[in-house]
Amino acid sequence: GFNYYKDGQETQKLLVSEGFQSIMEASGTGKDENAFVEAGEKFIAENGTSSYASLTALALAKQASSYKDWPLVEEHLMTAVEKATDAGIKSIASVRLARVQVQQESYDKALATLSGDISESFKASIEEIKGDIYLKQDKKDQARTAYQAAIDAGGLALSNTLQMKLDDLAVAVNLPE
């Protein structure tokens, strides 16, 4: 009895995996993007508890970003965060979501997203985004603190513009008015 149950679960996992693979292959063709979106959304609805649901949502977000449809990108990234069964995928989706929210000038939402459950390995990215937000809000001291925290967390290895942001901020603060 147990082996029958276990075999059934393995078969189900294989079917979900094959469904995900076929959706991803369709996304690469670029032929019918509406079909890709419909298939992706249907896949997420039918397989919401699978780790593939969040990966599909990330792919849908990527596709929407190519058209700069930021509200739709945000929606797909929120789905990716909600459906993520893996902390790493959830963290990636959360950081991307915060960047999109900054793009839409939803700074409070972005800060709320960054205060969520994100892996410590993303600290440099989180602090850099916070610095960008604070700079856009004209909170230069907080921006400088966030950029320095990003550098201290190893952010220079991830972002070649981070030091420039901090230097530009120092120059802007020191200019006579």
Side-chain angles (χ1 to χ4, degrees), residues 20 23-24 27-28 30 33 36-37 40-41 44 50-177:
F20 173 76
I23 290 171
M24 291 303 105
S27 75
E33 294 180 16
F36 165 66
V37 171
E41 289 174 348
I44 291 169
S50 163
S51 61
Y52 291 110
S54 60
L55 295 174
T56 303
L58 285 171
L60 290 171
K62 180 182 177 186
Q63 189 267 346
S65 72
S66 66
Y67 296 105
K68 298 187 183 342
D69 186 345
W70 303 122
L72 186 58
V73 173
E74 181 179 21
E75 180 183 322
H76 289 311
L77 289 173
M78 288 174 69
T79 299
V81 170
E82 291 168 10
K83 301 289 185 184
T85 58
D86 177 80
I89 298 296
K90 183 175 187 172
S91 296
I92 290 168
S94 295
V95 168
R96 289 181 184 175
L97 175 59
R99 285 190 174 125
V100 168
Q101 290 166 332
V102 170
Q103 176 74 26
Q104 297 181 90
E105 299 180 5
S106 298
Y107 304 129
D108 292 336
K109 284 172 63 175
L111 288 170
T113 298
L114 293 173
S115 69
D117 187 22
I118 301 176
S119 173
E120 183 66 23
S121 61
F122 288 87
K123 183 169 178 49
S125 296
I126 291 167
E127 292 300 326
E128 182 176 6
I129 296 167
K130 284 181 180 179
D132 294 344
I133 292 168
Y134 295 139
L135 186 59
K136 289 177 185 288
Q137 294 177 325
D138 203 33
K139 298 177 180 176
K140 292 181 174 72
D141 288 337
Q142 288 176 286
R144 185 181 311 102
T145 301
Y147 287 146
Q148 188 59 56
I151 289 171
D152 294 345
L156 292 176
L158 302 172
S159 173
N160 55 1
T161 61
L162 184 56
Q163 185 65 51
M164 191 171 28
K165 289 177 183 180
L166 186 60
D167 292 345
D168 288 348
L169 187 57
V171 169
V173 168
N174 292 327
L175 287 176
E177 293 188 29

Donor-acceptor pairs under 3.5 Å, side chain of residues 75-90 to any protein atom, not counting sequence neighbours: which ones?
residue	atom	partner	partner atom	Å
Thr79	OG1	Glu75	O	3.1
Asp86	OD2	Gly88	N	2.9
Asp86	OD2	Ile89	N	3.0

Show the atom names and distances, to 0.1 Å, of all donor-acceptor pairs under 3.5 Å that link a side chain in residues 53-63 to residues at least two apart or in another chain.
residue	atom	partner	partner atom	Å
Ser54	OG	Ser51	O	3.0
Thr56	OG1	Tyr52	O	2.8
Gln63	NE2	Glu33	OE1	2.9

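Using a 4.5 Å heavy-atom threshold, the side chains of Thr161 and Glu128 count as touching. Contact of the Lys165 side chain with the Asp132 side chain is registered, since non-hydrogen atoms from C-beta on lie closer than 4.5 Å.
Between the side chains of Asp141 and Tyr134, no donor-acceptor pair is found at a separation under 3.5 Å.
Smallest separation of non-hydrogen atoms from Gly154 and Ala124: C-CB, 4.3 Å. In terms of heavy atoms, Ala110 sits closest to Ala98 at CB-O, 3.7 Å. Closest heavy-atom contact between Lys140 and Leu169: O-CD2, 3.5 Å.
Separation of atoms OG (Ser119) and NZ (Lys123) is listed at 12.0 Å; rounding is to 0.5 Å. We find the CZ-CD distance between Phe36 and Glu41 to be 9.5 Å, quoted to the nearest 0.5 Å. Taken to the nearest 0.5 Å, the CG atom of Asp167 stands 11.5 Å off from the OH atom of Tyr147. Interatomic distance, Ile126 CD1 to Ser121 OG, rounded to the nearest 0.5 Å: 8.5 Å. Rounding to the nearest 0.5 angstrom, the gap separating the CD atom in Glu105 from the CD1 atom in Ile133 is 12.0 Å. Note: Thr145 OG1 to Glu127 CD = 9.5 Å, rounded to the nearest 0.5 Å.
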Would you please test Ser65 and Trp70 for side chain to side chain contact (heavy atoms under 4.5 Å, CB included) and show each step? CA-CA 7 Å; Ser65 72; Trp70 303 122; 3.9 Å; yes

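Just one of Lys109, Glu74, Arg96 meets the side chain to side chain donor-acceptor pair (under 3.5 Å) condition when paired with Gln101; it is Glu74.
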